[in-house]
Amino acid sequence: MKLERILPFARHLLEQAVGHGDIAVDGTLGNGHDTKFLAELVGDTGMVFGFDIQKEALEATTARLQESNLHERVMLFHKGHEETLQSIPPHYHGQVRGAIFNLGYLPGGDKSIVTTAATTIAAVEQLLDIMAPEGIIVLVIYQGHEEGALERDELLQYVKGIDQQQAHVLQYQFINQVNNPPFIIAIEKR
């Protein structure tokens with residue numbers, strides 16, 4: 001298949017924005033895969049800030065980072081991504097180059113704990129304020145469950161209203177797959 005699948009395309013976008021010495025954000029730690037990926041991208045002089053409300057996500061991410069000896073370039077927060085602005089130290093504002101959110105629920109975790117459009121929109125707005133020009137926010141939207149469909153609808157309405165002078169917004173989606181497959185919204189700050 002020549003078309004990139006959703007998660008590889010998300011990583012491709014981040015590779016275009018984040019490099020050695022940069023600042024990045026993982027808005028939903030999950031099991032730590034994206035946090036580890038970002039930590040590898042920023043190198044030993046960069047920093048990744050990661051957020052999750054579930055203790056299990058922080059534990060899994062911490063273990064993954066320690067296994068790879070990447071824990072020193074990551075700061076984890078046991079709080080929601082809607083607290084991005086107040087959590088990232090002010091001297092990093094204006095320097096964030098990339099952010100990723102895998103929305104929905106923690107894989108292998110409690111499926112009743114899900115992300116919501118309200119907190120995700122708050123986080124996106126905060127990130128747009130503190131990102132560097134051409135910084136990219138990648139939202140991976142899992143719409144195959146009831147709460148995911150609600151979040152999808154609100155997020156699509158929100159991103160369509162972002163002023164094109166502020167950011168470019170892309171939707172990347174396979175439209176002929178069954179079972180409501182995940183898709184990406186990418187927001188590049190101008």
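What you see below is based on every heavy atom in this structure, not just the backbone, and it leaves out hydrogens, waters and symmetry mates. This structure is a prediction, so every number in the text was calculated from the model and none was measured.
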Checking side-chain contact (heavy atoms from CB on, under 4.5 Å) for the pair Phe183/Leu156: CA distance, chi angles, key distance, verdict?
-> CA-CA 11 Å; Phe183 67 95; Leu156 284 172; 4.2 Å; yes
Ile137 CD1 to Arg97 CZ distance, which is reported to the nearest 0.5 Å = 12.5 Å
Quick check: are there more than 12 heavy atoms from other residues, nucleotides or ligands sitting under 6.0 Å from CD of Glu72?
-> no
Val114, Ile185, Leu155 screened by side chain to side chain contact (heavy atoms under 4.5 Å, CB included) with Leu103, the one that passes = Leu155
Using the ring of each side chain (for Trp, its six-membered ring), is His12 parallel, tilted or perpendicular to Phe9, with breaks at 30° and 60°?
-> parallel
OH of Tyr105 to OG1 of Thr115, rounded to nearest 0.5 Å, is 11.0 Å
Using a strict 4.0 Å threshold on nitrogen-to-oxygen distance, state whether Glu15 and Arg11 make a salt bridge.
-> no
Which heavy atom of Arg5 sits nearest a heavy atom of Tyr172, and at what distance?
-> O-CE2, 4.5 Å
Before giving the answer on side chain to side chain donor-acceptor pair (under 3.5 Å), spell out for Glu154 and Gln157 the whole-Å C-alpha distance, their side-chain angles and the decisive distance to 0.1 Å.
-> CA-CA 5 Å; Glu154 290 180 47; Gln157 182 178 354; over 6 Å; no
Thr84 vs Ser87, side chain to side chain donor-acceptor pair (under 3.5 Å): CA-CA, chis, key distance, verdict | CA-CA 5 Å; Thr84 296; Ser87 301; over 6 Å; no
Pairs in or reaching into residues 177-190: which pass side-chain hydrogen bond (donor to acceptor under 3.5 Å, both in side chains), with residues at least two apart or in two chains?
-> none
How close do Ala167 and Leu128 get, heavy atom to heavy atom, and via which atoms?
-> CB-CD2, 4.5 Å
About how many Å separate CD1 of Ile100 and CG of Leu14, when rounded to the nearest 0.5 Å?
-> 5.0 Å
Closest approach of Ala10 and Val140, non-hydrogen atoms and distance?
-> CB-CG2, 4.2 Å
Hey, could you give me the CD/CD1 distance between Gln173 and Ile184, rounded to the nearest 0.5 Å?
-> 10.5 Å
Heavy-atom pair of closest approach, residues Ala17 and Asp22 | O-OD2, 3.8 Å
Provide the closest heavy-atom pair for Gly30 versus Ala60 in the form atom of the first, atom of the second, distance.
-> O-CB, 4.4 Å
Can you tell me which residue pairs pass the side-chain hydrogen bond (donor to acceptor under 3.5 Å, both in side chains) test with a partner in residues 126-148, sequence neighbours excluded?
-> Asn102-Tyr142, Gln143-Arg152, His145-Glu147
State whether the number of non-hydrogen atoms from other residues, nucleotides or ligands found under 6.0 Å of Glu4 atom CD is greater than 12.
-> yes
Thinking salt bridges, do Lys79 and Asp52 make one under a 4.0 Å N-O criterion?
-> no
Write out all pairs satisfying ring pair (Phe, Tyr, Trp, His ring centres under 6.0 Å) with one or both partners inside residues 62-87, taking only residues at least two apart or from two chains.
-> Phe51-Phe77, His81-Phe101
Just one of Thr119, Thr120, Thr116 clears the side chain to side chain donor-acceptor pair (under 3.5 Å) bar with Glu151, so which one?
-> Thr120
Which value, rounded to the nearest 0.5 Å, describes the distance between Met47 atom CE and Ile88 atom CD1?
-> 10.5 Å
NZ-CG distance between Lys36 and Leu29, expressed to the nearest 0.5 angstrom | 15.0 Å
